[in-house]
2 protein chains.
Amino acid sequence: MAEIIDIDDPGDARIAAYRDVRERDLVGRQGHFVAEGEVVLRVLLTRAVHRTCSLLVTAKRFDNLGHLLALVPAAVPVYRASSAVMDAIVGFHIHRGILALGERAPMPGAAELLDQLPEEALVVVGLGIANHDNVGGIFRNAAAFGAAGVLLDGASCDPLYRKAIRVSVGASLIVPSARIGASEDVVALLERHGFLPFALSPSGATPLAQLARPARAAILLGTEGPGLPAGVMARARTVTIPMAQGFDSLNVATTSGIALYHLSQAATRIRRAGD
Amino acid sequence: MAEIIDIDDPGDARIAAYRDVRERDLVGRQGHFVAEGEVVLRVLLTRAVHRTCSLLVTAKRFDNLGHLLALVPAAVPVYRASSAVMDAIVGFHIHRGILALGERAPMPGAAELLDQLPEEALVVVGLGIANHDNVGGIFRNAAAFGAAGVLLDGASCDPLYRKAIRVSVGASLIVPSARIGASEDVVALLERHGFLPFALSPSGATPLAQLARPARAAILLGTEGPGLPAGVMARARTVTIPMAQGFDSLNVATTSGIALYHLSQAATRIRRAGD
């Protein structure tokens with residue numbers, strides 16, 4: 001069981017990492033991240049590759065969190081504060097009353113991640129996904145449909161940003177992810193690793209339902225509006241999700257969910273046929 | 001072309017409806033709604049059943065909005081203000097620099113809406129969808145896959161709440177919707193109108209991929225966590241989206257997208273087979 005430390009002074013040096021959470025969200029953190037909420041913290045404590053450094057919990061929530069606190073390693077301090085002190089530390093009201101500070105595990109390069117994947121694997125590639133809700137949603141869908149990894153370019157959000165973790169329901173803590181280097185040719189990289197690149201776009205040539213599932217497939221997603229870069233569209237197999245006349249607009253995270261659903265179903269059919 | 005009225009005083013009575021937008025969002029509006037952004041306003045002006053009462057545009061955006069302003073009926077005033085005046089009126093910074101005030105068209109009852117639908121129709125039913133992003137996402141998916149309507153219970157959000165409209169990319173302004181009465185038995189109502197009710201749930205019995213598409217189908221969605229009420233689950237056909245071990249969690253809007261995708265694909269197959 002972890003050590004419980006009561007905090008009465010918002011200025012206490014021991015909880016300095018929790019100070020002004022929103023401003024730190026904006027500038028980014030060196031080597032650390034903040035996660036919030038009971039469901040997400042359970043994922044962090046039980047399944048994530050990242051180390052938990054500490055927890056900060058309101059006294060009000062504390063008594064009902066026994067099952068969660070039992071998962072905290074003995075060396076990890078649990079700071080307990082009144083709601084008022086916690087709000088003063090954090091800089092706004094933390095509705096869920098429970099936060100954790102995590103230390104990022106080293107992030108592999110894109111080639112390194114692909115090298116480690118099994119023979120049959122599905123990955124999602126996000127290019128220019130600059131919205132935290134969308135990045136979080138993509139990771140949640142990747143976890144739900146068993147994708148082996150998510151690759152993001154430099155223009156995409158940090159999956160360990162607090163809101164991205166929350167929207168992903170902790171999935172961004174467990175689905176392996178990597179950054180694509182600025183000079184890296186992502187289509188060539190995928191093909192070199194045996195991944196068939198499927199570029200999702202309203203203007204794609206092949207309807208999603210007609211896609212057979214290869215052993216290794218990559219779902220490529222671009223920004224809403226401009227979409228994937230022309231150089232990627234020209235060299236990948238372009239895929240469309242047929243929509244109603246006059247409103248051909250899907251959110252990018254929803255697109256990832258539908259494409260992952262189809263390819264995971266297609267994989268099941270392949271396996272059944274091969275039995 | 002609409003009349004352009006310059007506003008220099010945030011206290012001007014003519015723009016009173018735009019004052020303190022966030023607070024009015026929270027308490028709700030009697031008979032009106034506020035929509036924001038160019039894409040959404042284009043939908044409002046060209047496709048919505050709701051009347052546009054006025055626009056409020058920053059001077060900075062004004063010059064590049066000629067194509068949109070050309071759609072504004074002559075009787076609808078366009079108020080133009082500096083960014084500073086607009087922020088002072090609205091109470092925070094409107095990033096998109098363009099708002100409209102709309103007047104709600106009368107909302108039909110659920111039975112009345114179902115009565116009007118064609119012989120082949122897909123509807124989405126949301127019970128307890130209390131999050132504006134999720135309601136907006138459900139409408140966006142409903143529009144994308146040609147659903148004929150969305151029914152919401154009293155515990156679900158208002159689809160004409162500003163954020164729901166924005167997340168729906170205007171779809172909540174055009175997809176017909178109705179409120180289910182507090183005493184209304186939704187399963188009986190759907191069946192009386194010939195709609196086969198499919199209750200989506202992680203614990204559902206039939207995998208989504210095995211669902212054939214009837215002429216009239218309803219996709220029932222509950223809150224994340226508690227899910228659909230037991231009384232609904234007991235009487236509808238329960239449907240599951242198979243997921244990976246250990247992370248069987250999908251966002252409710254994403255669930256609507258996957259279910260709508262499958263049923264719209266299934267409808268295409270029916271029509272092809274019947275050709």
Side-chain angles (χ1 to χ4, degrees), chain A residues 38-40 43 46-47 122 131 133-134 136-148 163 167-175 202 207-210 224-225 240-262 264-269 272, chain B residues 38-40 43 46-47 122 131 133-134 136-148 163 167-175 202 207-210 224-225 240-262 264-269 272:
Chain A
E38 194 179 338
V39 175
V40 165
V43 174
T46 59
R47 302 182 56 192
L122 196 53
N131 174 296
D133 290 272
N134 287 335
I138 287 170
F139 273 86
R140 185 174 182 178
N141 295 335
F145 293 112
K163 194 179 183 193
V167 172
S168 81
V169 198
S172 69
L173 297 170
I174 54 175
V175 176
L208 177 65
Q210 292 177 22
E224 290 185 48
T240 186
I241 296 175
M243 282 176 253
Q245 291 285 330
F247 202 92
D248 59 347
S249 163
L250 277 178
N251 165 269
V252 66
T254 302
T255 301
S256 77
I258 294 172
L260 284 162
Y261 168 73
H262 171 75
S264 65
Q265 285 296 312
T268 308
R269 282 197 294 274
R272 277 205 197 120
Chain B
E38 193 179 338
V39 176
V40 165
V43 174
T46 59
R47 301 181 58 191
L122 196 53
N131 174 296
D133 291 272
N134 287 336
I138 287 170
F139 273 87
R140 184 173 182 179
N141 294 336
F145 292 113
K163 194 179 183 192
V167 172
S168 81
V169 198
S172 69
L173 296 171
I174 55 174
V175 176
L208 177 66
Q210 292 177 22
E224 289 184 51
T240 186
I241 297 174
M243 282 176 250
Q245 291 284 331
F247 202 91
D248 58 348
S249 165
L250 277 177
N251 166 269
V252 66
T254 303
T255 301
S256 77
I258 294 172
L260 283 162
Y261 169 72
H262 171 75
S264 65
Q265 285 296 312
T268 308
R269 282 197 294 274
R272 278 207 195 118

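These numbers come from the heavy atoms of this one structure, side chains and all, not from hydrogens, waters or symmetry mates. Computed from a prediction, not measured in an experiment: that's the story for all the values here. In what follows, chains are A, B, ... by sequence order, proteins preceding strands, each numbered from 1.
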Fill in: Interface moiety of A/S168 toward chain B, non-hydrogen atoms closer than 4.5 Å
backbone

Discussion item. Please identify, among A/G170, A/G246, A/A147, A/A253, the residue contributing the most non-hydrogen atom pairs under 4.5 Å to chain B.
Written reply: A/G246

Item to complete: Search all heavy atoms of B/Y261 against all heavy atoms of A/P242 and return the closest pair with its distance.
Response: CE1-CD, 4.4 Å

Practice prompt. Calculate, to the nearest 0.5 Å, the distance between atoms CG and OG1 belonging to B/N141 and A/T254 respectively.
Written response: 5.0 Å

Discussion item. Is A/L208 in contact with chain B via its backbone, its side chain, both, or neither, using a 4.5 Å heavy-atom distance?
Written reply: both

Practice prompt. Please name the pair of heavy atoms, one in B/R140 and one in A/S249, separated by the smallest distance, quoted to 0.1 Å.
Written response: NH2-OG, 2.8 Å

Discussion item. Using every non-hydrogen atom in the two residues, find where A/R47 and B/F247 come nearest and quote the distance to one decimal.
Written reply: NH1-CD1, 4.0 Å

Worksheet entry | Which portion of A/P207 sits near chain B, non-hydrogen atoms under 4.5 angstrom | neither

Worksheet entry | Which atoms of A/A171 approach chain B - backbone, side chain, both or neither, heavy atom under 4.5 Å | both

Item to complete: Mind checking the CD1-CD spacing from A/I241 to B/Q265? Nearest 0.5 Å is all I need.
Response: 9.5 Å

Practice prompt. Flag the one option from A/T255, A/N251, A/L260 with the top tally of heavy-atom pairs under 4.5 Å to chain B.
Written response: A/N251

Worksheet item: Is chain B contacted by the side chain of A/F145, its backbone, both, or neither, given a heavy-atom distance below 4.5 Å?
Response: both

Response to the item:
With chain B, the option among A/G146, A/G257, A/G137 that has the most non-hydrogen atom pairs under 4.5 Å is A/G257

